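Below: the structure, in structure tokens.
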Amino acid sequence: MAAPSLDGRRFRAVADVTGGEVGTETTFTYHERDGEIWASYEGGAIRRGFLVGVRDGDRLDFRYSQLNVHGETANGHCTSRVLVLPDGRLRLEESWQWESRSGTGTSAAEEVVTGA
């Protein structure tokens, strides 16, 4: 069974990302339609970021571009797996690679539920 749609869901990194700029203060807002995914994100060291890509079942494949609080731009590639947590929230387990500089890593983000 495929994980639910990402459309309109908000996520936050579960930890500061070693080698990256995303951290626990970074919030992502996802959208999804007909296998396409896109999101905007900001917070912490990120002034503004965007991602765009595709979804196939529980797998995401996208490119990201971002501007940090120091006015520096960066971009890269990420693949993610969508998991459903026991409480029904979604979790993204990610493997990423910078394309504008050297470095790779893994990270995770979990859905933020408001009003819970």
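Note that the coordinates shown come from a computational prediction; the quantities given were computed from them, not determined experimentally. Atoms considered below: every heavy atom in the structure, side chains included; atoms not considered: hydrogens, waters and symmetry mates.
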*Any side-chain heavy-atom pair from Asp87 and Val113 closer than 4.5 angstrom?*
no
_Which atom of Pro4 lies closest to which atom of Arg9, heavy atoms considered_ = CB-NH2, 3.4 Å
*In Å, rounded to the nearest 0.5 Å, how long is the span from CD of Glu110 to CD of Glu93?*
9.0 Å
*asked:* Looking at Arg55 and Gly57, would you say the former's side chain and the latter's main chain have a donor-acceptor pair under 3.5 Å?
replied: yes
*May I ask you to test the Asp61-His77 pair for a side-chain heavy-atom distance under 4.5 Å?*
yes
*Hey, what do you get for OG (Ser80) to CZ (Arg91), rounding to the nearest 0.5 Å?*
11.0 Å
_For Thr26 against Gly43, the heavy-atom pair lying closest together_ = OG1-O, 3.1 Å
*Distance in Å, Ser40 OG paired with Arg10 CZ, rounded so as to fall on 0.5 Å steps*: 10.0 Å
_CZ/Arg63: more than 12 non-hydrogen atoms of other groups inside 6.0 Å_ = yes
_So does Gly49 get a backbone contact from the side chain of Gln66, meaning a donor-acceptor N/O pair under 3.5 Å?_
no
*Could you check whether the rings of Trp98 and Tyr64 sit parallel, tilted or perpendicular, using 30° and 60° as the cut-offs?*
perpendicular
*Could you tell me whether a side-chain N or O of Thr24 sits under 3.5 Å from a main-chain N or O of Ala15, the two making a donor and an acceptor?*
no
*Can you measure from CD (Gln97) to OG1 (Thr104) and round to the nearest 0.5 angstrom?*
7.0 Å
*Hey, does the side chain of Arg47 reach the backbone of Val69 with a donor-acceptor pair shorter than 3.5 angstrom?*
yes
*Could you give the distance from CH2 (Trp38) to CG (Leu51), rounded to the nearest 0.5 Å?*
11.0 Å
*asked:* Looking at every non-hydrogen atom in both residues, tell me the closest pair between Glu21 and Ala45 and how far apart they are.
replied: O-CB, 3.6 Å
*Decide yes or no for Cys78 and Phe62: does some side-chain heavy atom of the first lie under 4.5 Å from some side-chain heavy atom of the second?*
yes
*Are Phe28 and Tyr41 near enough that their ring centres are under 6.0 Å apart?*
yes
*Write down the atom of Ala74, the atom of Arg101, and the distance for their closest heavy-atom approach.*
CB-NH2, 3.1 Å
*Ignoring hydrogens and geometry, is there a side-chain-to-backbone donor-acceptor pair from Ser100 to Asn75 under 3.5 Å?*
yes
_Please say yes or no: joined through hydrophobic side-chain contacts below 4.5 Å, possibly via intermediate residues, are Tyr30 and Val84 part of one cluster?_
yes
*Other residues, nucleotides, ligands: >12 heavy atoms within 6.0 Å of Glu25 CD*: no
*List the atom of Thr18, the atom of Trp96, and the distance in Å for their closest heavy-atom pair.*
O-CZ2, 3.6 Å
*Mind checking the CG-OG1 spacing from Leu60 to Thr79? Nearest 0.5 Å is all I need.*
9.0 Å
*What's the shortest heavy-atom distance between Leu90 and Ser5, and which atoms?*
CD1-O, 4.1 Å
_Under 3.5 Å donor-acceptor, Asp7 side chain and Glu32 backbone_ = yes
